[in-house]
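So the structure is just underneath, and the comments pick up after that.
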Amino acid sequence: MFRPKIPTMPQPTGLVTPSAAIEPTTITPAAALVAPPAPIAPVPSRPAVQLTPGSALALVGGGTAVVLVVGAVLVSMLLAVAITAASVAVCAVVVRSLLTRR
């Protein structure tokens with residue numbers, strides 16, 4: 001019951017033939033088949049990104065907007081958690097007072 005059962009490899013039944021015949025091939029050197037490649041002109045590097053005063057101002061404005069939006073979302077989530085905790089605490093006090101009167 002506690003011993004693992006190891007599956008046995010099934011033995012082939014009948015005559016087994018190879019699936020494909022393997023024939024030897026001759027190897028030819030690659031240098032004889034391919035001519036030397038023509039020299040390739042170097043690819044010009046991409047120009048560096050240049051920030052103009054207008055685009056820098058747009059980046060700063062966009063970053064500020066993102067920070068303000070994310071901050072507002074986080075503060076609202078914190079406020080929601082605080083309000084929920086306060087309401088649960090008030091409910092606990094009311095239930096406790098109702099139970100002690102009996």
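Just so you know, these numbers come straight off a predicted model, no measurement behind them.
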Indicate every side-chain donor-acceptor pair of residues 57-70 with a distance under 3.5 Å to a residue at least two apart or in another chain.
{"residue": "T64", "atom": "OG1", "partner": "V60", "partner atom": "O", "Å": "2.8"}

For residues 84-94, which side-chain donor-acceptor pairs fall under 3.5 Å, sequence neighbours excluded?
{"residue": "T84", "atom": "OG1", "partner": "A80", "partner atom": "O", "Å": "2.8"}
{"residue": "S87", "atom": "OG", "partner": "I83", "partner atom": "O", "Å": "3.3"}
{"residue": "S87", "atom": "OG", "partner": "T84", "partner atom": "O", "Å": "2.8"}

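Residues meeting the side-chain hydrogen bond (donor to acceptor under 3.5 Å, both in side chains) test with T52, sequence neighbours left out: S55.
Grouped by direct or indirect side-chain proximity (heavy atoms under 4.5 Å, Ile/Leu/Val/Met/Phe/Trp/Tyr only), L99 sits with V95.
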